[in-house]
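Heavy atoms only: backbone and side chains are in, while hydrogens, waters and symmetry mates are out.
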Amino acid sequence: MEENRFVGKGIVKKDADALLSGKPVYADDLAPEHCLIVKLLRSPHAHALIKEIKTDIAKKVPGIEAIYTYKDVPRGRFTKAGQTFPEPSPDDRQILDDRVRYVGDPVAIVAGEDELCVDRALKMIKVTYEVLEPLLDFTKSKDNPIIIHPEDNFVAKEGNGTDASRNLCASQSRGEGDVDKVLSECDYVVEEVYHTKAVNQAMMEPFTAFASKDIYGRIKITSSTQIPFHVRRIVARALNISKSRVRVVKPRIGGGFGAKQTAVCEIYPAFVSYMTGKPSKIVYTREDCFVDGSPRHEMQMSVRIGADKEGRIRAIDLHTLSNTGAFGEHGPTTVDLTGTKSISLYRNLDAFRFSSEVVYTNVLSAGAYRGYGATQGLFAVESAVNELAHKMNLDPTILREKNIVKEGDHLANYYGQSTESCALDVCMEKVKEMIGWEEKYPYVKTGPHTVRAVGMALSMQGSGIEHCDVGSVQIKLNDDGFYTLMVGCSDMGTGCDTVLSQMAADGLGCEYDNIIVRGVDTDQSPYDSGSYASSTTYVTGQAVVRACEKMKQRICEEAAALMNLSAKEVEFDGWLISEKENPDNFMKLDDLVTRLQAGSGSIIAVTQSYSGEVSPPPFMAGAAEVEIDLQTGKITPIDYVAVVDCGTVINSNLARVQTEGGIVQGIGMALYEDIQYTPEGKLRNRNFINYKIPTRLDMGQVRVDFASSYEKTGPYGAKSIGEVVINTPSPAIADAVYNGTGLRFRTLPITSEKVFVGLQEKKGNEE
């Protein structure tokens, strides 16, 4: 097999120069200079009915163009979640509603010439509320007398177990074997409850969008979004207009991490421009991003896991309770991953059961965040596996070696699929070697009152959603023999434009710089589900491979006709189309294009799509080393080691950075990040002063390596890498803290304060 020239290499990102030089590439940079400024009046109450809203004085503020309330918007309900249609999330939103369901819920849309007049008008709107009792505790939501969605036009989707009258956004149960019987037979059983809090994606670029109306009356939206085609659908449904009247363009994105898989802000400028005919834009402040974003779902997971004396894990039972907040975006789908991506790590189970309930409450609606439910489920199950090992007096790595899935194994809770590419055992062995597990487990004393301890966890994810996600590309052959690659997926800063260009360059046998990537424009780009569910490299990448094959075929057909040969008699090496039996008879690619453009044939452009029949999981092993001060409880990350099996690594630099970034986000979730509410439902931490994310000084050393496997269904043997990398830090750090202190924390984050209190209690009990 000929070696790839670009796939597998650390190619510099396509947009690196523009980003480093500060070129105007983001949505706010590109917005028209004199467009209307849009801001939202937000509810101060977690649950209330709007009895009266007066805007007459506010409308008289000089420069104010329009103010809209629930009386001015369409009454149909929709969801802001961006997933392949039919969207499983309930249709439970309106653009504006007379019932507010969380502190920050939009009450009015204000548009004006500048921020000054808009801010002034916001203060002059007078709203009379009938304040209702809020429901803030998600463990008490189901069948609570406080109903979050009592409206008659609530739309539940089939098969999700939705019951708004019970505050159930979704519910399910499935499994194999008799879990209760098998667990009763096990020699060792762990039964515990784990709790992960809501955390914010904290991407650098806030939610931003601007809109305008063209001469045909169509709404054009330029948005920092992961889901351009879904934004088109969501806006059309919200405005009650045809999708043909909406166009969405995606510029560069300053990060998303799943937050922008929900159409958080696009509807508001779209509605303003639709009503006024004038360009308008909305740019969320950082506080807006916190109070009206789409954070990770808070979840409570009850786990039972059992093993025999030989260390074979025989059964896993997992029940997940998920807090979707005020609305159901991504509620039915995130919860599913808590079970599919955790139970499936372990082979030859005699029985398993996975059940879940997703409930409404009067807090900010949750959404997608990198890991998409797997992060929460893996914290619970991997923590339980660690606890099981300790109960058995066994090194957790040895227990895992006996039980983890291997290549060819059936995946217990993964839609009947098996894994045909799996180097998880290699990942774990390399991690043990890199961290120095044998020398450091469980801990070493480093000072009079400090210890360094290690912990480990495993992870798996998916590569797109099988039979659902669609990736499409168009390749067009241009003058001088270069190509335009039109994609429908969103580069969020992850470098997918670069990765797809590498595949295209190798697939077409051309130079990397001969691939020109065009970002997403729903009027021009081929349909793509969007950049989420770890789908881009695997799903859209396979579309690139197919398009390259089709392009080479078309080049041979057109050149052969001009050479008076059949397509089977010629071959294409990336620059020359030659007669197989007589290589001296050839045509250069640029000469072919010139003749085609002169009317001697058909201009060549090909479009190809791909939707996978399977979703091959990438795997990861991660180990944490932390230092703990036994006097103060302070936890200091020292070293984090990860080895990832993502099949063929397409771009070594980008894969490494992806892994490092995911690990740091995981460390933040484990140790620092915690969305908190007051007893009245007001968000306490709405900026980076109060909401703590790890900086470069807080993450310690992060080291990354890769274990090779080859996924035959993937482009060049690749699987995904975007999400699997965030899942191991929480359970690994939790076990490291246990190994160093003897304290088991099952609720995140594990703050130094909690450790200090635990150490004091332990000391008191010992005395």
Side-chain angles (χ1 to χ4, degrees), residues 179 182-192 194 301 303-318 339 341-352 377-407 409-413 419 422-443 453-460 619-625 641-643 645 707 727-740 742 744-746:
V179 168
V182 174
L183 284 171
S184 70
E185 297 168 355
C186 288
D187 299 296
Y188 300 93
V189 175
V190 166
E191 182 173 356
E192 296 293 350
Y194 303 87
M301 290 144 290
V303 181
R304 292 192 300 161
I305 183 168
D308 60 23
K309 290 178 181 177
E310 286 70 42
R312 183 172 78 87
I313 296 175
R314 296 189 56 197
I316 301 176
D317 186 11
L318 170 65
K341 305 303 191 291
S342 57
I343 295 171
S344 304
L345 276 171
Y346 296 96
R347 65 201 302 246
N348 298 334
L349 299 176
D350 293 333
F352 77 87
L378 283 160
F379 169 66
V381 171
E382 285 300 280
S383 291
V385 170
N386 284 329
E387 293 199 54
L388 182 64
H390 292 304
K391 196 168 189 177
M392 299 173 71
N393 255 338
L394 202 60
D395 182 326
T397 65
I398 293 174
L399 180 62
R400 288 186 169 91
E401 286 167 1
K402 293 172 179 283
N403 291 283
I404 57 173
V405 293
K406 294 181 171 60
E407 198 158 282
D409 277 346
H410 171 74
L411 298 168
N413 188 29
T419 174
C422 177
L424 183 56
D425 53 346
V426 178
C427 292
M428 194 163 66
E429 282 306 308
K430 290 181 77 169
V431 161
K432 288 178 67 174
E433 180 184 338
M434 290 169 68
I435 200 81
W437 185 268
E438 301 295 343
E439 299 80 34
K440 296 176 181 177
Y441 176 80
Y443 72 90
V454 292
M456 179 181 281
L458 306 180
S459 167
M460 63 177 277
F619 297 94
M620 172 182 171
E625 180 180 5
V641 167
V643 179
D645 163 23
N727 298 326
T728 59
S730 291
I733 290 172
D735 206 46
V737 171
Y738 172 81
N739 288 331
R744 175 64 64 183
F745 293 95
R746 302 184 182 93

Asks: Test Val405 against Arg347 for side-chain contact (heavy atoms from CB on, under 4.5 Å), laying out the working first.
Replies: CA-CA 5 Å; Val405 293; Arg347 65 201 302 246; 4.1 Å; yes

Asks: Could I get the full list of side-chain contact (heavy atoms from CB on, under 4.5 Å) partners for Ala624, not counting sequence neighbours?
Replies: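 Counting only residues at least two positions away or on another chain, Ala624 forms a side-chain contact (heavy atoms from CB on, under 4.5 Å) with Tyr640, Ala732, Ile733.
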
Asks: State, to 0.1 Å, how close Ile305 and Leu183 come at their nearest heavy-atom pair, and which atoms those are.
Replies: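 That closest heavy-atom pairing would be C-CD2, 3.9 Å.
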
Asks: Does the side chain of Arg314 pick up a donor-acceptor pair with the side chain of Asn403 at under 3.5 Å?
Replies: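 No donor-acceptor contact under 3.5 Å links the two side chains.
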
Asks: Within the 4.5 Å heavy-atom criterion, are Phe619 and Ile404 side-chain neighbours or not?
Replies: no

Asks: Out of curiosity, Arg744 CZ to Glu387 CD, how far, rounded to the nearest 0.5 Å?
Replies: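 Rounded to the nearest 0.5 Å, the CZ-CD separation comes to 4.5 Å.
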
Asks: Heavy atoms, side chains only, cut-off 4.5 Å: are Leu349 and Ile316 in contact?
Replies: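 Contact flag for Leu349/Ile316 side chains = yes.
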
Asks: Is there a donor-acceptor contact under 3.5 Å from the side chain of Lys432 to the main chain of Glu438?
Replies: no

Asks: Show your reasoning for whether side-chain contact (heavy atoms from CB on, under 4.5 Å) applies to Leu345 and Leu378.
Replies: CA-CA 10 Å; Leu345 276 171; Leu378 283 160; 3.5 Å; yes

Asks: Tell me if a side-chain donor or acceptor on Asp409 pairs with a main-chain N or O of Thr419 at a distance below 3.5 Å.
Replies: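 Checked: no pair found.
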
Asks: Once you round to the nearest 0.5 Å, how far does OH of Tyr188 lie from CG of Asp308?
Replies: 9.5 Å

Asks: Take Leu399 and Val385 through the side-chain contact (heavy atoms from CB on, under 4.5 Å) test and state the conclusion after the steps.
Replies: CA-CA 8 Å; Leu399 180 62; Val385 170; 4.0 Å; yes

Asks: Is it the case that atom OH in Tyr443 sees more than 12 heavy atoms from other parts of the structure closer than 6.0 Å?
Replies: no

Asks: Using only atom types and a distance under 3.5 Å, with no angle test, would you say the side chain of Ser344 pairs donor to acceptor with the backbone of Asn413?
Replies: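 Yes, because the side chain of Ser344 sits within donor-acceptor range (under 3.5 Å) of the backbone of Asn413.
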
Asks: To the nearest 0.5 Å, what is the distance between CE (Met428) and CG (Leu458)?
Replies: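 If I round to the nearest 0.5 Å, the distance is 6.0 Å.
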
Asks: For the pair Asp350 (side chain) and Val182 (backbone), establish whether a donor and an acceptor sit closer than 3.5 Å, ignoring hydrogens and angles.
Replies: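 Looks like no, no N/O pair under 3.5 Å.
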
Asks: With sequence neighbours left out, write down each residue that passes salt bridge (charged side-chain N to carboxylate O under 4.0 Å, His left out) with Asp317, or none if nothing qualifies.
Replies: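 Result, salt bridge (charged side-chain N to carboxylate O under 4.0 Å, His left out) vs Asp317: Arg304, Arg353.
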
Asks: Do the side chain of Arg312 and the main chain of Asn348 share a donor and acceptor less than 3.5 angstrom apart?
Replies: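 Here the side-chain-to-backbone pair exists.
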
Asks: Walk me through whether Asn386 and Arg400 qualify under side-chain contact (heavy atoms from CB on, under 4.5 Å).
Replies: CA-CA 9 Å; Asn386 284 329; Arg400 288 186 169 91; 2.8 Å; yes

Asks: Give a yes or no answer on whether the side chain of Lys406 reaches the backbone of Asp425 with a donor-acceptor pair at less than 3.5 Å.
Replies: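 Side chain of Lys406 to backbone of Asp425: no pair is present.
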
Asks: Treating Asn739 as the side-chain partner and Asp735 as the backbone partner, does any N or O pair qualify as donor plus acceptor under 3.5 Å?
Replies: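 Indeed, once roles are kept as given, a pair shorter than 3.5 Å links the two residues.
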
Asks: Without swapping roles, check the side chain of Asp187 against the backbone of Lys309 for a donor-acceptor pair under 3.5 Å.
Replies: yes

Asks: Going by the angle between their ring planes, with limits at 30° and 60°, are Tyr738 and His390 parallel, tilted or perpendicular?
Replies: tilted

Asks: Does Glu407 have more than 12 heavy atoms from other residues, nucleotides or ligands lying within 6.0 Å of its CD?
Replies: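 More than 12 within 6.0 Å, yes.
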
